[in-house]
Amino acid sequence: MAQSSSPVSGVAERYAGSLFDLALDANSVSKVEADLASFERMFEASDDLKRLINSPVFTADGQEKAIGTIADRAKITGLVGNFLRVAARNRRLFAVPGMIKAFRRIAAEHRGEASAEVTSAHALTPAQQTELKATLKSVAGKDVSIAVTVDPSLLGGMVVKMGSRQIDTSLKTKLNSLKLALKEVG
């Protein structure tokens, strides 16, 4: 595993690596990926869940009980349910989004794939996702699994992060570049 200078990414890598090892032993990597994706969607959609995860005000016991209830109601059980409870008990919920990304990357590497994070201004159709995967495959030289998130503030286009590469074709970035160029001229 690659080492990072960020303490959060180090924690995320260790937890994700441990979860991947457990999932591999239980032959449930795809189930764990699906449960993590489900939790990630809930996290992205709920300001209250973000507050619970990121706020140092809540006690470890309070976070563990709340996360346990949320996971149970969302039918996130087994390894991921236990994983979330352990992260809460150890005061590591703040790193869960990074853990999910790290798990996704580790699982993709295990399958011989590269992984890419795609942020687009609108939801991609299955045909667009297939075309994007084919394009990224030609760049990476191997199959690419993508995790797509939607950010309407991009206005148009997308941002693709694959490994250390980032390709930003968003309208927001282009407009900001034009704005900066116009300031330099005037």
Side-chain angles (χ1 to χ4, degrees), residues 1-2 4 6 8-9 11-13 15-16 19-20 23 29-54 70-71 74-76 80 83-84 87 93-183:
M1 261 181 250
S4 174
S6 168
V8 173
S9 65
V11 166
E13 289 287 332
Y15 274 72
L19 180 59
F20 181 78
V29 173
S30 60
K31 166 84 168 107
V32 168
E33 273 187 294
D35 285 348
L36 288 174
S38 175
F39 183 79
E40 184 177 43
R41 283 190 300 277
M42 288 183 347
F43 174 76
E44 290 170 355
S46 172
D47 289 336
D48 290 337
L49 184 54
K50 287 177 187 171
R51 231 181 336 276
L52 172 71
I53 287 177
N54 294 319
I70 291 167
K75 299 195 182 349
I76 298 175
V80 176
F83 173 76
L84 292 171
L93 278 181
F94 67 91
V96 165
M99 293 173 193
I100 293 170
K101 288 178 182 166
F103 184 91
R104 192 176 287 128
R105 184 189 50 73
I106 293 167
E109 285 175 4
H110 180 74
R111 289 188 299 266
E113 299 174 343
S115 62
E117 295 174 29
V118 179
T119 307
S120 68
H122 58 82
L124 299 178
T125 66
Q128 289 171 322
Q129 288 188 23
T130 302
E131 186 177 340
L132 179 59
K133 285 181 181 181
T135 302
L136 292 174
K137 181 179 181 176
S138 69
V139 171
K142 54 185 168 181
D143 287 335
V144 178
S145 65
I146 60 173
V148 181
T149 55
V150 176
D151 181 1
S153 74
L154 294 179
L155 304 176
M158 65 179 65
V159 179
V160 179
K161 295 178 188 174
M162 189 167 61
S164 61
R165 297 182 205 170
Q166 177 170 314
I167 304 161
D168 189 340
T169 63
S170 68
L171 187 54
K172 180 180 179 180
T173 299
K174 289 178 181 178
L175 288 172
N176 285 338
S177 297
L178 181 61
K179 182 179 174 183
L180 183 63
L182 289 173
K183 281 184 179 179

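At least one side-chain heavy atom of Leu19 sits under 4.5 Å from a side-chain heavy atom of Leu36. Considering only heavy atoms from C-beta on, Ile100 comes within 4.5 Å of Phe39 through its side chain. Inter-residue side-chain proximity for Ser153 and Lys172 is flagged as met; some heavy-atom pair is nearer than 4.5 Å. Looking at heavy atoms from C-beta onward, Leu52 lies in side-chain contact with Leu49 at the 4.5 angstrom threshold. In this structure, the side chains of Met158 and Asp168 stay at 4.5 Å or more apart for every pair of heavy atoms. Side chains of Lys137 and Lys142 form no contact here, defined as non-hydrogen atoms less than 4.5 Å apart. Side-chain contact between Val29 and His110 is absent, with no heavy atoms from C-beta onward closer than 4.5 Å. Contact of the Val160 side chain with the Gln166 side chain is not registered, since no non-hydrogen atoms from C-beta on lie closer than 4.5 Å.
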* Could you please spell out the steps behind the side chain to side chain contact (heavy atoms under 4.5 Å, CB included) verdict for Thr149 and Glu117? => CA-CA 8 Å; Thr149 55; Glu117 295 174 29; over 6 Å; no
* **Worked verdict on Val159 versus Leu154 for side chain to side chain contact (heavy atoms under 4.5 Å, CB included)** => CA-CA 9 Å; Val159 179; Leu154 294 179; 4.3 Å; yes
* **Intermediate values then yes/no, side chain to side chain contact (heavy atoms under 4.5 Å, CB included), Met162 and Val139** => CA-CA 10 Å; Met162 189 167 61; Val139 171; 4.1 Å; yes
* Evaluate the criterion side chain to side chain contact (heavy atoms under 4.5 Å, CB included) for residue pair Asp35 and Lys75; output intermediate values, then yes/no. => CA-CA 9 Å; Asp35 285 348; Lys75 299 195 182 349; over 6 Å; no
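Between Asp47 and Arg51, no side-chain nitrogen of the basic residue sits less than 4.0 Å from a carboxylate oxygen of the acidic one, so the salt-bridge criterion is not met. A salt bridge links Glu33 with Arg111; the closest basic N to acidic carboxylate O contact falls under 4.0 Å.
Residues Asp48 and Ser46 bring no donor and acceptor atom of their side chains to less than 3.5 Å of each other. Between the side chains of Thr119 and Asp151, no donor N or O sits under 3.5 Å from an acceptor N or O. Residues Ser138 and Thr135 have side chains that never bring a donor and an acceptor to within less than 3.5 angstrom of each other.
Counting heavy-atom neighbours within 6.0 Å of Glu131 CD, excluding the residue itself, gives a total of 12 or less.
Here the closest non-hydrogen pair linking Ala116 and Leu136 is CB-CD1, 4.0 Å. Scanning both residues, Ser120 and Val148, for their nearest heavy atoms gives OG-CG1, 4.2 Å. Taking all atoms of both residues into account, the shortest heavy-atom contact from Tyr15 to Ala87 is CE2-CA, 4.3 Å. Here the shortest heavy-atom pairing between Ala23 and Val32 reads CB-CG2, 3.7 Å. The minimum heavy-atom distance between Ala108 and Ser115, with the atom names listed, is CB-CB, 3.8 Å. The nearest pair of heavy atoms linking Ala16 to Phe103 is CB-N, 3.5 Å.
Every residue two or more places apart in sequence or in another chain that forms a side-chain contact (heavy atoms from CB on, under 4.5 Å) with Glu109 is listed here: Arg105. Not counting sequence neighbours, Lys133 has no partner by the salt bridge (Lys or Arg N to Asp or Glu O under 4.0 Å) test.
From Gln129, atom CD reaches atom CD1 of Ile146 across 4.5 Å, with rounding to the nearest 0.5 Å. Atom CD of residue Glu13 and atom CE of residue Met99 lie 10.5 Å apart, to the nearest 0.5 angstrom.
One N or O on the side chain of Gln128 and one on the backbone of Thr125 form a donor-acceptor pair closer than 3.5 Å. Judged by distance alone, with hydrogens and angles left aside, the side-chain atoms of Ser177 form a donor-acceptor pair with the main-chain N or O of Thr173 at under 3.5 Å.
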